[in-house]
Protein chains: 2
Amino acid sequence: MKSTIQFAPVTMGRASEEVALQIEAAILDGKIEPGDRLPSERELQLHFNTSRGVIREALQALKQKSLIEIKKGAKGGAYVREVEVSTAGESLALFIKRQPLDPQHLIEFRESLDRTITLLAISRGAEEEKIELLAKAKILETMLRQSDPDMVVLAELDRELNIMLARMTHNPIFEWIMQALQLGFSSSDVTLYQGEQYRKETGENWKNTAQAIADNEPLRALSHISYHYAMLLKLLDAVESTTDGNQKGLTGKRKD
Amino acid sequence: MKSTIQFAPVTMGRASEEVALQIEAAILDGKIEPGDRLPSERELQLHFNTSRGVIREALQALKQKSLIEIKKGAKGGAYVREVEVSTAGESLALFIKRQPLDPQHLIEFRESLDRTITLLAISRGAEEEKIELLAKAKILETMLRQSDPDMVVLAELDRELNIMLARMTHNPIFEWIMQALQLGFSSSDVTLYQGEQYRKETGENWKNTAQAIADNEPLRALSHISYHYAMLLKLLDAVESTTDGNQKGLTGKRKD
DNA sequence: TATTGTTATTTGGTCGTACCATAACAGCGC
DNA sequence: GCGCTGTTATGGTACGACCAAATAACAATA
């Protein structure tokens, strides 16, 4: 549609980066909007007066940043993506995966986050949201009572509960942080569920916490949260003392 | 050093993604460590039994994720990068640029974070750290009293204070989050300092808060923090009412 | 010996062309 | 109208060549 978009020809440095920067700037400035399709690689190749490889590398970079989405075939090409919460979370998740964290630090952070979120959820969350949260918590608890629950479904449900709670703050930043955390730790959290006692108490705690939230009783909710994390810490100590510490706990890497 | 690293040849789907995934996995599993250099593009081309373009696109993706760093010339190549905090911050910055956040949400998040961090800093921070924090806070306050302070230096000092406080929790997660936030919002924070009243009160508040921390008086510290953010909100309201709301406040984009 | 200038080699960066794979579309025949 | 088939636009892959930069090896010189 718009041939008015000006691309300066490129000569210096890493050409692909220049191209990527120019396109990124165009997107950030809103000159190209989400849903728009930018010219085909062969056209861009002409616009920028460069080779197709350069264009491809630039597009690859933008795709990595989740700025664009690339489709094959006719009418394919690079489409500007919509902004999503999860988008930003991925890199944080990657970061978390690489940096082995002390589980205690993680727990401490999560507890503080949970407390804040819970308080906000109580004061801001809609009635229906609280009811839905409670319902889901009850489902989780029921599932956890079973002798041989499906770990994957379980982890997913736990994840959903956390995110739902974060969403109830009606503050996207908390939702974003929570999503990132879930993304980063989802794989390791599963292992925890294997402890039977942990399962049982976790289920109860979720239910109790959700109940307290539904009843608008912040102190009771916080109390349950504290209990939950205290238990987690205790469990962690037990695990660490048995395995003699050559592992990194929650975020540790497991051998294949 | 280790030629034992096995790369499976690639045939299906988007080859470059496959390559990227395999290398990423190798890095994440610790099979290749930070500082290590992976084979040259031409060698990888053979390992993966693919074209050089594919390899280049894969490397480009990993570079974008800040997993590797690419150098030219002899002894050049792709080197596995050290993990850095700023890495995670960049995507947050991008996220914020595209999705202007409601300043109130931002303030809310920062306040909750500050409160948690402050409490932890009081209980965990070493004496010297507290003294240093107080010293820096006093410097900031002094600078802010001047009629024509250097905004850039000021913002930098403010940033340092925040990060130092976060570091005093002795929990790297808080430090990371704070760094990411500083990275993401640094540009917009500067504008705030232009309000004279804000400057003055902010300086005093930092000094008071640091003093309270040094004195191990959590409640007093929290009180100052609350006051600070309350003032920020008030100021924000004023700004928004005057500009008639066509801007996004803290995170809004400014015209060139 | 130490410093400096030169050459060679390695390695990423770019270019160009050809070809393949796929997704949408346009006809065509039924 | 339905379904098949070819057409076409477009990304994905493959070679092959050359350029540019960084380093190393070596020679020349003070």
Side-chain angles (χ1 to χ4, degrees), chain A residues 1-3 5 7-23 27 32 35-81, chain B residues 1 3 5 7-24 27 32 35-81:
Chain A
M1 51 175 102
K2 37 209 60 167
S3 53
I5 305 173
F7 290 126
V10 160
T11 54
M12 52 150 297
R14 327 261 175 273
S16 64
E17 292 186 7
E18 257 297 314
V19 172
L21 278 180
Q22 287 196 36
I23 299 181
I27 295 178
I32 318 176
D36 284 1
R37 165 177 177 267
L38 33 82
S40 74
E41 296 179 352
R42 289 168 177 88
E43 285 181 67
L44 288 172
Q45 176 180 356
L46 299 180
H47 282 315
F48 286 104
N49 190 28
T50 173
S51 85
R52 207 179 142 206
V54 168
I55 301 294
R56 283 186 62 79
E57 284 181 23
L59 292 181
Q60 177 75 36
L62 296 179
K63 175 184 162 195
Q64 210 60 39
K65 288 189 181 181
S66 299
L67 281 172
I68 62 174
E69 178 184 13
I70 299 182
K71 295 185 201 170
K72 273 200 298 193
K75 188 228 134 196
Y79 288 80
V80 178
R81 280 186 60 169
Chain B
M1 51 169 106
S3 53
I5 305 174
F7 291 126
V10 160
T11 54
M12 53 153 297
R14 330 261 173 271
S16 64
E17 292 187 8
E18 257 298 313
V19 173
L21 278 180
Q22 287 197 35
I23 299 181
E24 176 173 340
I27 295 178
I32 318 176
D36 285 359
R37 165 176 176 269
L38 34 83
S40 74
E41 296 180 352
R42 289 168 178 88
E43 287 181 67
L44 288 173
Q45 176 179 356
L46 300 181
H47 281 315
F48 285 104
N49 190 28
T50 172
S51 85
R52 207 179 141 205
V54 168
I55 300 295
R56 283 187 61 79
E57 283 180 24
L59 292 181
Q60 175 76 36
L62 297 180
K63 174 185 164 195
Q64 209 60 37
K65 289 188 181 180
S66 298
L67 282 172
I68 62 174
E69 179 184 12
I70 299 181
K71 296 185 200 167
K72 273 203 296 195
K75 187 229 137 195
Y79 287 81
V80 178
R81 279 186 59 168

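The shown structure was predicted, so the numbers you read here are calculated from the model rather than taken from an experiment. Proteins get letters first, then strands, A, B, ... in listed order; numbering begins at 1 in each. Every heavy atom of this structure was used, including side-chain atoms; hydrogens, water molecules and symmetry mates were not.
- The CD1 atom of I55(A) sits 5.0 Å away from atom CG of L44(A), with the distance rounded to the nearest 0.5 Å.
- In this structure, the CD1 atom of I68(A) is 12 Å from the C1' atom of dG11(D), given to the nearest Å.
- Protein atom NZ of K71(A) is 16 Å distant from nucleotide atom C1' of dC25(C), rounded to whole Å.
- Taking every heavy atom of residues 54-62 of chain A and every atom of DNA chain C, pairs under 4.0 Å involve V54(A), by number.
- For E57(A), the side chain to side chain donor-acceptor pair (under 3.5 Å) partners at least two apart in sequence or on another chain are R56(B).
- Residue S51(B) has no polar side-chain atom (N or O) positioned under 4.0 Å from OP1 or OP2 of dT13(D).
- With rounding to whole Å, E41(B) atom CD is found 8 Å from dT11(C) atom C1'.
- Between the CG atom of N49(B) and the C1' atom of dA14(D) there is a distance of 11 Å, rounded to whole Å.
- E69(A) pairs by the side chain to side chain contact (heavy atoms under 4.5 Å, CB included) definition with R81(A), not counting sequence neighbours.
- The distance from atom OH of Y79(A) to atom C1' of dA9(D) is 11 Å, rounded to the nearest whole Å.
- If S40(A) and G53(B) are placed on DNA chain D by their nearest nucleotide, the residue sitting closer to the 5' end is S40(A).
- For K75(B), the side chain to side chain contact (heavy atoms under 4.5 Å, CB included) partners two or more places apart in sequence, or in a different chain, are K71(B), Y79(B).
- The shortest heavy-atom contact between A58(B) and A20(B) is CB-N, 3.7 Å.
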ask   = Base, backbone or nothing for each nucleotide of nucleotides 17-23 of chain C, written B, S, -, heavy atoms under 4.0 angstrom, 5' to 3'?
value = -BB--BB
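- Note: CD (E69(A)) to P (dG11(D)) measures 13 Å, nearest angstrom.
- Between L59(A) and L38(A), the closest side-chain pair of non-hydrogen atoms falls below 4.5 Å.
- For S16(A), counting side-chain heavy atoms from C-beta on, the closest listed nucleotide (dG13(C), dA14(D), dT14(C)) is dT14(C).
- Dashed line: the shortest gap from a side-chain N or O of T50(A) to OP1 or OP2 of dC15(C) is under 4.0 Å.
- Expressed to the nearest 0.5 Å, how far CD of Q60(A) lies from CZ of R14(B) amounts to 11.0 Å.
- Here K63(B) pairs with E17(A), I68(B), I70(B) under the side chain to side chain contact (heavy atoms under 4.5 Å, CB included) rule; sequence neighbours left out.
- Remark: R52(A) pairs with E41(A) by the side chain to side chain donor-acceptor pair (under 3.5 Å) rule, at least two apart or across chains.
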